[in-house]
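Quick notes on the structure that follows.
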Amino acid sequence: MKEIIIALLKANLSLPEAEISSTLEVPKDPKLGDFAFPCFNLAKSMKKSPVAIAKDLAGTLKSPDLEKVEAIGPYLNFFLKQDLLGNSVLKEIQKKKEKYGSAKYISEKIMIEYSQANTHKAFHIGHVRGTALGESIARIASFLGGNVIRANYQGDTGMHVAKWIWCYTQYHAKDEIKKDEEWIASIYVDAVKRLTAQPELQAEVDIINKKLEEKSDSKLQALWEKTRQTSLDAFEIIYSELGTRFDEYFFESAVEKRGKEIALELLNKGLATKSEDAVIMDLKEYDLGVWVLLRKDGTVLYSAKDLALAERKFKEFKVKRSLYIVGAAQRLHFYQLFKTLELMKFPEAKKCAYIPVMEVRFPWGKMSSRTGDNVLYSGFKRELVSDAKEELKKRYTLDEPELEKRAFAIAIASLKYFMLRQDVDKNLIFTKEEALSFEGNSGPYLLYSYARARSILEKAKYDPKKKYAISELNAEEKELLVRLGNFPEQVKKSYETLSPNVLANYSYQLAQLFNEFYHKHQVIGSEHEQMRLVLVDCFSIVLRNSLSLLGIPVLEKM
RNA sequence: GCUCCCAUAGCUCAGCCUGGAUAGAGCACCAGGCUUCUAACCUGGGGGUCGCAGGUUCAAAUCCUGUUGGGAGCGCCA
């Protein structure tokens, strides 16, 4: 589409194609045409006012593909012939269906590390944000041709585990060990509470921590293994509900040894240095401060472990690009990691990227999994499902499995969309009122729009093969059409900026346009029934594709 | 003290990368619309010094500098 205009302008102006292409824009108001060319830049070289240039060009530019060219002030506005627009967009969507918007845009092997929940602790809605973000970026990357490996790096050792084991053995030993995130979290919260009240008890925890590290107490070891697995199993249930799966699970214990080796190698090569008996990377000349690899007692830190993990990613998995989707507090750590990998001369280091997961906060401040002043995934999902059931019951009489199925899909759409619709660089202010809302800019609105479209197609016994002609398009049809045609570009943009919220906003705007069209124009029985059915079909395909990239499954009936 | 992120309507946010035509949504508030394809919808209304001050430009919410406020981080936690 755009090429037609570019070619036309190129033939009439002495400007390089690249400049024409970047100047050419889509007007905000569709009434102003399909494309617009601002003439300000031409003013100097042509020694005429932009308004006069636009006016003159409007008179000379002609093409069989154009309805008209109009000068409005300093803008040259192009109106394409409608059947051209309609045919190209609708045909392409109908042909490619679920592949519409996909491309061989990238072909690299990419590893995406995300979620990183710690065992023996809660899976709260902050984790949902990171998990939803990672899953969506993984889907977008593979939609654009990437060979994606989803990785989860979980903290299954450390002080938090010791606290949990201590609290369980001391105060909850009679409790049955449950594959339940909320119960697991409650033990940890109890541990923190008791330790806050009686700090001297920390000595008991330290003993357990040491025994766990040394693997010297077989009873504790067995309890650790059992509870670790229970915790991982509880997470796995959540992952499946959230529509996420991982190809690779990494654990800190598996990279400890190699991490230490790398630190010592760096020391030998003179890249790392000793300072106060610790092994450090001095990155001050890069404004990245000091990065400690080994403690003064020689034990390995998170930093060195991450070096070992990165090395595995490059050497064993041969990834060319590595994305880290991790809490924003760790930003500096990752910049230090990337810089060190670069100094270690890994060519892939330059293609490492860190995507911060900003906090999910209450309006009055941050959530805390230590005190339990937070919102856990499981409990909140239950609330969403229960609310969705109420809404469904108000409207229809459904049997239990169908009610359950719809309510669950609505809950997931609601939660994931709420997490993804916002810019990744911003804290997300969580209020129940907003998160539980099924109206307006929300997941359920999108599902509803999709279900409405599908319902029309079903009632009309829609046959996609039936012939139709693109007639005079009304404003709503045209806007919808233009937006549908814009989807592939939005997918690329969301990948380039690593921002699924681009697609979340796109989905919402698309659904809004559809609902306006739906309200204003009858499809079934209208003069242009087949054309409108095709439009509705294409809308449903594109919305489904877009939501699928967000990791949100649709409902055929809502 | 230094570094990074954020600041747009009463509230929650799009738009910023790649500067252009009256700055857009949702919620809340007010007024309307279901005998017609799902009203979880749609239409209209009020509500904005785009934190502030400079700069670049024909043109700045958008780019640059400074500044204020909020958040996060800064050698042996992860």
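Below, read A as the first sequence line, B as the second, and so on, with proteins coming before strands; counting in each chain starts at 1.
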Sequence neighbours excluded and cut-off under 3.5 Å, please list the side-chain donor-acceptor pairs for residues 511-522 of chain A, or say none.
residue	atom	partner	partner atom	Å
Gln512(A)	NE2	Tyr508(A)	OH	3.3
Asn515(A)	OD1	Arg452(A)	NH1	2.7
Asn515(A)	ND2	Tyr445(A)	OH	2.9
Asn515(A)	ND2	Ser449(A)	OG	3.1
Asn515(A)	ND2	Ala511(A)	O	3.2
Lys520(A)	NZ	Glu476(A)	OE2	3.0
His521(A)	NE2	Asn474(A)	ND2	3.4
His521(A)	NE2	Glu476(A)	OE1	2.8
Gln522(A)	NE2	Ile524(A)	O	3.4

Requested in this report: Can you check each nucleotide of nucleotides 71-78 of chain B against protein heavy atoms at under 4.0 Å and return B for base, S for sugar-phosphate only, - for none, in 5' to 3' order?
Outcome: SSSSBBSB

Query raised in the report: Taking protein heavy atoms under 4.0 Å as touching, what does nucleotides 34-39 of chain B look like 5' to 3' if B marks base contact, S marks sugar-phosphate-only contact and - marks none?
Result: --BBBS

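Phe40(A) meets the ring pair (Phe, Tyr, Trp, His ring centres under 6.0 Å) test with Tyr75(A); sequence neighbours excluded. Take Asn505(A) and apply the side chain to side chain donor-acceptor pair (under 3.5 Å) test, not counting sequence neighbours, and it matches no residue. Glu25(A) is linked by a salt bridge (Lys or Arg N to Asp or Glu O under 4.0 Å) to nothing, counting only residues two or more places apart in sequence or in another chain. For Gln330(A), the side chain to side chain donor-acceptor pair (under 3.5 Å) partners at least two apart in sequence or on another chain are Tyr302(A). Checked against side chain to side chain donor-acceptor pair (under 3.5 Å), Lys260(A) has no partners two or more places apart in sequence or in another chain.
Distance, Leu420(A) CG to U12(B) C1': 16 Å, rounded to whole Å. One interatomic measurement links the two molecules: CG of Leu510(A) to P of G24(B), which rounds to 20 Å at whole-angstrom precision. For the pair Gln422(A) CD and A7(B) C1', the interatomic distance rounds to 13 Å; values are reported in whole Å. Going from atom CG of Asn515(A) over to atom C1' of U43(B) covers 13 Å, rounded to whole Å. In this structure, the CD atom of Glu25(A) is 13 Å from the P atom of C16(B), given to the nearest Å. Rounded to an integer number of Å, the gap from CG of Leu24(A) to C1' of A21(B) is 15 Å. Atom NZ of Lys28(A) and atom C1' of A21(B) are 7 Å apart (whole Å). Here U43(B) presents its P atom at 8 Å from CD of Gln512(A), a figure rounded to the nearest Å.
Heavy atoms of Asn505(A) sit under 4.0 angstrom from primed sugar atoms or phosphate atoms, though from no base atom. In this structure, Pro363(A) reaches neither bases nor backbone, as no heavy-atom distance under 4.0 Å exists between it and the strands shown. Across all strands shown, Ile410(A) has heavy atoms under 4.0 Å from base atoms, whether or not it also approaches the sugar-phosphate. Using a 4.0 Å heavy-atom distance criterion, Asp156(A) is classed as making no nucleic acid contact. Counting any heavy atom pair closer than 4.0 Å across all strands shown, Leu392(A) reaches a base atom.
Separation of atoms CG (Leu144(A)) and CD1 (Ile106(A)) is listed at 5.5 Å; rounding is to 0.5 Å.
The side chain of Lys493(A) has C17(B) as its nearest neighbour among C4(B), A40(B), C17(B). Closest contact between the side chain of Arg331(A) and the listed nucleotides A40(B), C42(B), C4(B) involves C4(B). Nearest nucleotide to the side chain of Ala36(A), out of A21(B), A14(B), C58(B): A21(B). Here C6(B) is the nucleotide among C6(B), A40(B), A14(B) with the atom lying nearest to any side-chain atom of Asp425(A).
Here, C6(B) and G44(B) have their P atoms 34 Å apart, quoted to the whole Å. A distance of about 39 Å separates the C1' atoms of U43(B) and G70(B), rounded to the whole Å. Taking the C1' atom of each, G71(B) and U49(B) are spaced 25 Å apart, rounded to whole Å. When the C1' atom is compared between U57(B) and U62(B), the two are found 13 Å apart, to the nearest whole Å. Nucleotides A59(B) and U22(B) have their P atoms positioned 15 Å apart, rounded to a whole Å. Here, A61(B) and G54(B) have their P atoms 14 Å apart, quoted to the whole Å. Using C1' as the reference atom, G33(B) and C16(B) are 38 Å apart when rounded to the nearest Å. Annotation: U68(B) and C29(B) have their P atoms spaced 40 Å apart (nearest Å).
Salt bridge status for Glu489(A) with Lys493(A): absent, with no side-chain N to carboxylate O gap under 4.0 Å.
With its glycosidic angle within 90° of 0, G75(B) adopts the syn conformation.
Taking the side chain as every heavy atom from C-beta outward, Leu133(A) and Met419(A) never approach each other to under 4.5 Å.
Counting non-hydrogen atoms of neighbouring residues, nucleotides and ligands closer than 6.0 angstrom, the NZ atom of Lys55(A) reaches no more than 12 such neighbours.
Checking Pro444(A) against Phe40(A), the closest nucleotide of RNA chain B that is more toward the 5' end is the one next to Phe40(A). When each of Ser449(A) and Phe37(A) is assigned the nucleotide of RNA chain B bearing its nearest heavy atom, the one mapping closer to the 5' terminus is Phe37(A).
Look at C27(B): its Watson-Crick or wobble partner, with both distances under 3.5 angstrom, is G10(B). Across all strands shown, C63(B) pairs with G55(B); the Watson-Crick or G-U wobble distances both stay below 3.5 Å. Under the Watson-Crick or G-U wobble criterion, with both distances below 3.5 Å, C4(B) is paired with G71(B).
For the residue pair Tyr114(A) and Asn152(A), no side-chain donor N or O sits within less than 3.5 Å of a side-chain acceptor on the partner.
Residue pairs meeting the side chain to side chain donor-acceptor pair (under 3.5 Å) criterion with at least one member in residues 26-39 of chain A, sequence neighbours excluded: Asp34(A)-Lys478(A).
Taking 4.0 angstrom as the limit, Lys426(A) places a side-chain polar atom (N or O) nearer than this to OP1 or OP2 of A14(B).
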